[in-house]
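Only a predicted model underlies this, so the values are computations on that prediction, with no experimental measurement involved. Residue numbers begin at 1 in each chain, while the letters A, B, ... track the order of the sequences.
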Amino acid sequence: MSDDAVNPEEVRHVAALARIDLEDAEVDRFADQFADILEYFETLDSVPEVERDVDLANVMRPDEEHDCLDSEDALRNAPESEDGYFKGPNVS
Amino acid sequence: MSENIFITEAEIAGDAEGPLAGKTVAVKDNISTDGVRTTCGSRMLEEYVPPYDATVVSRVKDAGATIVGKANMDEFGMGTTTETSYFGPTDNPAAPGHVPGGSSGGSAAAVAAGEADLALGSDTGGSVRCPAAFCGVVGIKPTYGLVSRYGLVAYANSLEQIGPFAPTVEEAAELLDVIAGSDERDATTRTEGDDSNYAAAADGDVDGLSIGVPTELLEGADEGVVETFWDAIARLEDQGATTHEVSLPSVEHAVEAYYVIAMSEASSNLARFDGVRYGHSGGYDGNWNETFGRAREEGFGDEVKRRILLGTYALSAGYHDKYYKKAQDARAWVKQDFDEALSEADVLASPTMPVPPFELGESLDDPLQMYLADANTVPVNLADLPAISVPAGEADGLPVGLQLVGPAFGEKRLIRAGSALA
């Protein structure tokens with residue numbers, strides 16, 4: 001078991017960060033599985049620091065107006081919309 | 001269709017003429033099709049209908065092909081068996097009772113069953129090559145940047161490419177010719193695939209071809225798979241190819257590096273699914289954190305939740321250097337190893353999958369064991385290189401695939417070599 005063995009509280013914390021509600025049974029199951037998986041990830045500790053020579057160039061284009069999705073199409077998959085806007089839940 | 005190959009059957013007609021006129025194509029259900037629902041194998045997108053075509057879909061239609069359906073897949077591409085699909089598993093037409101591989105299992109099964117002449121899948125860590133191997137068909141993972149990802153629902157952008165399936169290497173190359181090439185809507189595309197003629201390279205000429213076999217990719221592989229692999233290599237040697245061993249010491253860390261990077265990117269990419277603009281709604285009770293949490297609990301399956309949570313963990317304060325940064329070091333190391341091995345060989349060969357197809361339901365309970373099955377495919381995505389899986393034969397009546405890896409934009413070389421076998 002790794003030093004950072006995952007406890008259920010940690011799973012709940014990460015799930016809250018990721019905005020995913022979990023049942024208690026899911027939390028326990030994930031805690032067990034994450035302990036195994038993260039222990040396996042620990043082997044990355046023995047990877048040496050590697051010089052990363054990135055051969056990348058920025059891709060630029062002129063900033064010109066062009067057609068894009070009209071709002072009717074963009075709203076078509078929204079569960080709810082109002083006056084041409086997406087309708088979201090209360091902020092607080 | 002008893003195999004559950006398609007999530008949505010459709011008939012999207014292409015142009016009357018073109019290089020693919022008269023051909024039918026199955027499209028993985030994470031590739032956007034204008035007006036035809038695109039679910040990513042997820043409850044989250046069960047009713048999502050894209051308002052535009054992916055670039056590859058436009059190109060396939062312009063080339064004259066007819067799209068016959070949206071193929072089943074592991075949810076958001078996260079799986080090796082197509083069993084994490086919300087729409088149920090797909091049976092393997094080449095090995096009934098077994099998984100078709102994943103995540104593009106429906107695409108490979110469509111070609112294997114003759115439901116489509118050709119298919120498109122996406123390959124983030126082997127998701128084209130694995131199902132090609134398990135279903136006994138040909139699959140190509142192009143060099144990163146060869147094919148546009150515009151309209152592909154993102155899972156791990158830095159790793160994934162759309163690639164073709166076909167019964168033969170030549171037909172796969174014909175589809176690659178149609179989809180390859182630069183696209184102003186995907187700034188990571190390159191010009192190397194513009195005006196390509198990969199199909200012409202499918203002449204089966206391997207005389208003088210130098211094949212490197214990475215010893216690390218044979219270690220731990222199933223005995224029957226290894227035997228079938230060497231039989232296929234012997235057939236290439238009979239036709240004039242030579243073989244020597246090479247070493248890729250870094251690949252020992254490839255699986256963990258791949259999963260850290262893929263999960264981290266997934267946790268960011270899948271943050272967009274909040275049930276407000278599209279996708280499964282969490283309703284309107286409570287504040288937005290509560291409704292988003294509910295939408296994502298209900299909309300995502302176990303494997304997707306697992307990867308988002310582990311990715312969130314790997315990127316969270318205090319852990320970023322330990323996991324993500326080390327994984328990027330490992331990725332750079334893998335690239336160096338491949339560059340070195342390919343300086344002494346024209347192509348590298350290994351079994352595509354270290355195991356034959358699992359039985360349906362065999363492998364769902366242990367996620368880590370499942371991840372380890374990707375050992376031979378993920379290094380290629382980390383290195384941004386092209387690879388092809390061709391049928392090598394059978395082990396105990398189950399299909400085995402041979403993987404060939406080439407240098408960046410060396411698709412012609414892979415197609416020429418692969419066409420000597422299929």
**Student:** Sort out for me which of B/Asn289, B/Asp285, B/Ile308, B/Thr291 touches chain A most, counting heavy-atom pairs under 4.5 Å.
**Tutor:** B/Asn289
**Student:** Which distance, rounded to the nearest 0.5 Å, do you find between the CG of B/Leu45 and the CG of A/Asn77?
**Tutor:** 8.5 Å
**Student:** If I measure from the heavy atoms of chain B, does A/Asn58 come under 4.5 Å with its side chain, its backbone, both, or neither?
**Tutor:**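 No part of it gets close to chain B.
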**Student:** Can you tell me how far NZ of B/Lys326 sits from CG of A/Asp45, rounded to the nearest 0.5 angstrom?
**Tutor:** 7.0 Å
**Student:** Which atoms of A/Gln33 come close to chain B, meaning under 4.5 Å heavy atom to heavy atom: side chain ones, backbone ones, both, or neither?
**Tutor:**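 Only the side chain of A/Gln33 comes within 4.5 Å of chain B.
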**Student:** Closest approach of B/Gly275 and A/Pro79, non-hydrogen atoms and distance?
**Tutor:** O-CG, 3.3 Å
**Student:** Name the region of B/Glu47, side chain, backbone, both or neither, that has any atom closer than 4.5 Å to a heavy atom of chain A.
**Tutor:** backbone
**Student:** Examine whether an atom of B/Ala271 lies under 4.5 Å from a heavy atom of chain A, and if so say whether it belongs to the side chain, the backbone or both; otherwise answer neither.
**Tutor:**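 Neither part.
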**Student:** Donor-acceptor check, side chain of B/Asn287 to backbone of A/Pro89, threshold 3.5 angstrom: yes or no?
**Tutor:** no
**Student:** Any chance NE2 of A/His13 has more than 12 other-residue heavy atoms, nucleotides or ligands included, within less than 6.0 Å?
**Tutor:**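 No - once you tally the heavy atoms of other residues, nucleotides and ligands closer than 6.0 Å, there are 12 at most.
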**Student:** Determine yes or no for a side-chain-to-main-chain donor-acceptor pair under 3.5 angstrom, with B/Arg296 supplying the side chain and A/Ala18 the backbone.
**Tutor:**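 Flag set: sc B/Arg296 to bb A/Ala18 pair under 3.5 Å.
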**Student:** Counting heavy-atom pairs under 4.5 Å to chain A, which of B/Glu252, B/Glu298, B/Lys335, B/Arg294 comes out on top?
**Tutor:** B/Arg294
**Student:** What's the spacing between A/Asp36 CG and B/Tyr371 OH if we round to 0.5 Å?
**Tutor:**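 Rounded to the nearest 0.5 Å, the CG-OH separation comes out at 11.0 Å.
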**Student:** Is the backbone N or O of B/Phe292 less than 3.5 Å from a side-chain atom of A/Arg19, with the two atoms forming a donor-acceptor pair by type?
**Tutor:**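 Not at all, since once roles are kept as given, no pair shorter than 3.5 Å links the two residues.
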**Student:** Tell me, do A/Glu51 and B/Trp333 make a side-chain contact under 4.5 Å, heavy atoms counted?
**Tutor:**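 Answer no - side chains too far apart.
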**Student:** How long is the gap from CD on A/Glu26 to CZ on B/Arg306, to the nearest 0.5 Å?
**Tutor:** 10.0 Å
**Student:** How far does CG of A/Leu22 sit from CG of B/Leu309, to the nearest 0.5 angstrom?
**Tutor:** 6.0 Å
**Student:** Would you say that more than 12 heavy atoms from the other residues, nucleotides or ligands in this model lie under 6.0 Å from the OH of B/Tyr284, or not?
**Tutor:** yes
**Student:** Is any side-chain heavy atom of B/Lys322 less than 4.5 Å from a side-chain heavy atom of A/Phe41?
**Tutor:**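 When only atoms from C-beta onward are counted, A/Phe41 and B/Lys322 do not touch, as no gap falls below 4.5 Å.
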**Student:** Contact part of A/Leu44 toward chain B, heavy-atom cut-off under 4.5 Å: side chain, backbone, both or neither?
**Tutor:** both
**Student:** Above 12 or not: heavy atoms from other molecules or residues under 6.0 Å from CZ of A/Arg29?
**Tutor:** yes
**Student:** With a 4.5 angstrom heavy-atom cut-off, is it the side chain or the backbone of A/Val47 that approaches chain B, or both, or neither?
**Tutor:** both
**Student:** Which bit of A/Glu80 comes within less than 4.5 Å of chain B, counting heavy atoms only: side chain, backbone, both or neither?
**Tutor:**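 Contact with chain B: backbone and side chain both.
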**Student:** Between A/Phe30 and B/Lys305, is there a side-chain heavy-atom distance shorter than 4.5 Å?
**Tutor:** yes
**Student:** Give me the atom names and distance for the closest heavy-atom approach of B/Pro51 to A/Asp73.
**Tutor:** CB-CB, 4.1 Å
**Student:** Between B/Phe300, B/Tyr52, B/Tyr48, B/Trp288, which shows the greatest number of heavy-atom pairs under 4.5 Å with chain A?
**Tutor:**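 Most heavy-atom pairs under 4.5 Å with chain A: B/Trp288.
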**Student:** Is it the backbone or the side chain of B/Leu270 that comes under 4.5 Å from a heavy atom of chain A, or both, or neither?
**Tutor:** neither
**Student:** Heavy-atom cut-off 4.5 Å, strictly under: side chain, backbone, both or neither for A/Phe86 against chain B?
**Tutor:**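 The answer is the side chain of A/Phe86.
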**Student:** Mind checking which of residues 253-267 of chain B sit less than 4.5 Å from chain A, heavy atom to heavy atom?
**Tutor:**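 So the qualifying residues are B/His253, B/Val255, B/Glu256, B/Ala257, B/Tyr259, B/Val260, B/Met263.
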**Student:** Let's test your reading of the structure: which of A/Asn90, A/Leu75, A/Asp21 forms the most heavy-atom pairs below 4.5 Å with chain B?
**Tutor:**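 Among the listed options, the one with the most contacts to chain B is A/Asp21.
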**Student:** Which answer fits B/Asp302, side chain, backbone, both or neither, if we ask what part of it has an atom under 4.5 Å from a heavy atom of chain A?
**Tutor:** both
**Student:** Is there a side-chain contact between B/Tyr313 and A/Leu17, using heavy atoms and a 4.5 Å cut-off?
**Tutor:**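 Side-chain contact under 4.5 Å: no.
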